[in-house]
J.: 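Could you have a look at this structure, given as structure tokens, before my questions?
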Amino acid sequence: MQLWRNIARQRWAKVAVGVAAAEFLRFVETTSRFTFEPADIYKRVAADQPIILALWHGQHFLAPVAQKAGLRAKVLVSRHHDGEINALAAERLGVGTIRGSGNHGGSFVHKGGVAAFQAMLDALADGYSVALSADVPKVARVAGLGIIKLGQASGRPIYGAAFATNRRVVLDNWDRTTINLPFSRGCGVAAEPLSIPAAADAEELEAYRRLLEDRLTAATRRAYEVVDRPHRGV
């Protein structure tokens, strides 16, 4: 067991796993048929660029392959050693990375949160969209204030989005990590975007947090409804 842990920490092993993960996701995309709601979502996003893309943790693996050519994006990736694999996979798929994670309670003082928050603001100012999980760390499906404050500070709209496939493996962990499988029927759903006023007070920010949580939950439910309904051959 210790031998495998030592191997997993090696740079070459992380690169190998990251490349394999990226190519697996590419294979899922090319062998699956995806629909999107609303149907003109890419047109809407292009008009609003750059945006903040909010995803539930563990449901985010298809986000990089859903990126259209010409839409520049970066994703927030944890500084944890597993995060390096995620970063390598994202970069192979043409998505830039920002390393670090904020305190989603709003203080941004832990795990490089201050630097990551500033890096996301800089990326948005430079025209890059930014994707990150909305959950409070280790509390699945509960949105934190961090992403709301990012929207407030940057002035950019927040799109809650969900991606699902009918063929998948769901892990028994805190965020119910979902591994999407090839040859699937897939769906991407985007919620109505949120724009956070610069002058919003604490009570208003909390209301926007709850609204994002509700919209992201509804988008996720809808994506799974679409892919899991009986297939009618259309």
J.: Checking T178 against F61 for the side-chain contact (heavy atoms from CB on, under 4.5 Å) test, could you report, in this order, the C-alpha distance in whole Å, the side-chain angles of both residues, the deciding distance, and whether it holds?
T.: CA-CA 8 Å; T178 299; F61 292 116; 5.9 Å; no
J.: Thinking salt bridges, do R221 and E225 make one under a 4.0 Å N-O criterion?
T.: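 No salt bridge links R221 with E225.
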J.: Kindly indicate, with the supporting measurements, whether the criterion side-chain contact (heavy atoms from CB on, under 4.5 Å) is fulfilled by V28 and L62.
T.: CA-CA 9 Å; V28 172; L62 286 176; 4.1 Å; yes
J.: Is W56 reachable from V75 through a run of I, L, V, M, F, W or Y residues, each pair having side-chain heavy atoms under 4.5 Å apart?
T.: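 No, V75 does not connect to W56 through the hydrophobic network.
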J.: What are the two closest non-hydrogen atoms of A54 and A134, and how far apart are they?
T.: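 Closest approach of A54 to A134: CB-CB, 4.3 Å.
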J.: Please check: side-chain N/O of E84 versus main-chain N/O of K14, any donor-acceptor pairing under 3.5 Å?
T.: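 No, E84 side chain to K14 backbone: no donor-acceptor pair under 3.5 Å.
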J.: Over all heavy atoms of both residues, which pair between A89 and A22 is shortest? Give the atoms and the distance, please.
T.: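 Heavy atoms only, the tightest pair is O-CB, 3.6 Å.
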J.: Donor-acceptor pair, R141 side chain versus D175 backbone, under 3.5 Å?
T.: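 Between the backbone of D175 and the side chain of R141 there is a qualifying donor-acceptor contact (under 3.5 Å).
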J.: Is any side-chain N of the basic residue among R92 and E23 closer than 4.0 Å to the acidic one's carboxylate O?
T.: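 E23 and R92: salt-bridged.
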J.: Please give me the minimum heavy-atom distance between A161 and L53, naming the atom from each residue.
T.: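 Minimum heavy-atom separation between A161 and L53: CB-CD1, 3.5 Å.
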J.: Supply the atom-to-atom distance Y208 OH to E203 CD, rounded to the nearest 0.5 angstrom.
T.: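 Answer for the OH-CD pair, Y208 versus E203, is 12.5 Å.
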J.: How long is the gap from CG on L55 to NE2 on H57, to the nearest 0.5 Å?
T.: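 These two atoms lie 10.5 Å from each other.
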J.: Taking the side chain as everything from C-beta on, heavy atoms only, tell me whether F24 gets closer than 4.5 Å to L181.
T.: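 Contact flag for F24/L181 side chains = yes.
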J.: So R176 and L171, do their side chains get closer than 4.5 Å, heavy atoms only?
T.: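 With C-beta onward as the side chain, the pair stays apart.
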J.: What I'd like to find out is whether the side chain of L194 reaches to under 4.5 Å of the side chain of R215, using heavy atoms alone.
T.: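 SC-SC contact between L194 and R215 confirmed.
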J.: Quick check: closest heavy atoms across G146 and F117, and the distance to 0.1 Å?
T.: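 For G146 versus F117, the nearest heavy atoms are O-CE1, 4.2 Å.
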J.: Go through K74 and S129 one step at a time and tell me if the side-chain contact (heavy atoms from CB on, under 4.5 Å) criterion holds.
T.: CA-CA 6 Å; K74 294 188 177 184; S129 290; over 6 Å; no
J.: Verify, without hydrogens or angle tests, whether N173 (side chain) and T177 (backbone) share a donor-acceptor contact under 3.5 angstrom.
T.: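 Indeed, once roles are kept as given, a pair shorter than 3.5 Å links the two residues.
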J.: Rounded to the nearest 0.5 Å, what separation is found between the NZ atom of K149 and the CG atom of L121?
T.: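 Between atom NZ of K149 and atom CG of L121 there are 12.5 Å.
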J.: Establish, yes or no, whether a centroid distance under 6.0 Å links the rings of Y224 and F163.
T.: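 So the answer is no for these two rings.
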J.: Begin with the C-alpha distance, continue with both residues' side-chain angles, and end with the deciding distance and a verdict on salt bridge (charged side-chain N to carboxylate O under 4.0 Å, His left out) for E29 and R26.
T.: CA-CA 5 Å; E29 180 191 27; R26 210 187 302 271; over 6 Å; no
J.: Indicate if L88 and V19 have the same hydrophobic cluster label, given that clusters are the connected sets of ILVMFWY residues with side-chain heavy-atom separations under 4.5 angstrom.
T.: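 Both belong to a single hydrophobic cluster.
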J.: To the nearest 0.5 Å, how far apart are CD in E91 and OG1 in T97?
T.: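 Here the interatomic distance stands at 3.5 Å.
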J.: Is R209 salt-bridged to E206, cutoff N-O under 4.0 Å?
T.: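 Counted as a salt bridge, because a side-chain N and a carboxylate O are separated by less than 4.0 Å.
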J.: Rounded at 0.5 Å granularity, tell me how far CD in E204 sits from CG in L211.
T.: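 Atom-to-atom, E204:CD and L211:CG are 13.0 Å apart.
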J.: Test side-chain hydrogen bond (donor to acceptor under 3.5 Å, both in side chains) on Y159 and D48 and set out the steps.
T.: CA-CA 10 Å; Y159 278 77; D48 282 345; 2.5 Å; yes
J.: Under the rule for ring pair (Phe, Tyr, Trp, His ring centres under 6.0 Å), what residues qualify as partners of Y42, not counting sequence neighbours?
T.: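 Per chain and number, Y42 pairs via ring pair (Phe, Tyr, Trp, His ring centres under 6.0 Å) with F36.
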J.: Taking E213 for its side chain and A143 for its backbone only, find out whether a donor-acceptor pair lies under 3.5 Å.
T.: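 Answer holds: yes.
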J.: Quick one: does any side-chain atom of S133 pair with a main-chain N or O of D135 as donor and acceptor, under 3.5 Å?
T.: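 Not at all, since once roles are kept as given, no pair shorter than 3.5 Å links the two residues.
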J.: Between D228 and R168, does at least one N-O distance fall below 4.0 Å, as a salt bridge requires?
T.: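 Yes, D228 and R168 are salt-bridged.
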J.: For E192, which residues count as a salt bridge (charged side-chain N to carboxylate O under 4.0 Å, His left out) partner, sequence neighbours excluded?
T.: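 Residues passing salt bridge (charged side-chain N to carboxylate O under 4.0 Å, His left out) with E192: none at all.
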J.: Determine whether I52 and L132 make a side-chain contact, defined as any pair of heavy atoms from C-beta on separated by less than 4.5 Å.
T.: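 Yes. Closest side-chain heavy atoms under 4.5 Å.
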J.: What is the minimum heavy-atom distance between A73 and V95, and which atoms define it?
T.: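 Answer, listing the atom of A73 first, then V95: O-CG1, 3.7 Å.
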J.: Can you confirm whether L150 sits close enough to L124 that some side-chain heavy atom of one is under 4.5 Å from a side-chain heavy atom of the other?
T.: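 Counting from C-beta outward, L150 and L124 do come under 4.5 Å.
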J.: Heavy-atom distance under 4.5 Å between the side chains of R156 and I51, does that happen here?
T.: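 They are not in contact (no side-chain heavy atoms under 4.5 Å apart), so the answer is no.
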J.: Donor-acceptor pair, R185 side chain versus V227 backbone, under 3.5 Å?
T.: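 A pair under 3.5 Å: yes.
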J.: According to a hydrophobic-cluster definition based on side-chain heavy atoms being under 4.5 Å apart (Ile, Leu, Val, Met, Phe, Trp, Tyr only), do L216 and L205 belong together?
T.: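 L216 and L205: separate clusters.
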J.: Could you walk me through whether L71 and Y128 satisfy the side-chain contact (heavy atoms from CB on, under 4.5 Å) test, starting with their C-alpha distance in whole Å, then the side-chain angles of each, then the deciding distance to 0.1 Å, before giving a yes or no?
T.: CA-CA 8 Å; L71 298 181; Y128 287 89; over 6 Å; no
J.: Okay, side chain of S184, backbone of G186: is any donor-acceptor separation there less than 3.5 Å?
T.: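 No, because the side chain of S184 does not come within donor-acceptor range (under 3.5 Å) of the backbone of G186.
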J.: Measuring from atom CG of L212 to atom CD1 of I158, what distance do you get when rounded to the nearest 0.5 angstrom?
T.: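 With rounding to 0.5 Å, CG (L212) is 6.0 Å from CD1 (I158).
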J.: Any side-chain to backbone donor/acceptor pair from Q152 onto A198? Under 3.5 Å, distance only.
T.: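 Answer holds: yes.
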J.: Can you name the closest pair of heavy atoms from V77 and A87 and give their distance?
T.: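 In this case the closest contact between V77 and A87 is CG1-N, 4.0 Å.
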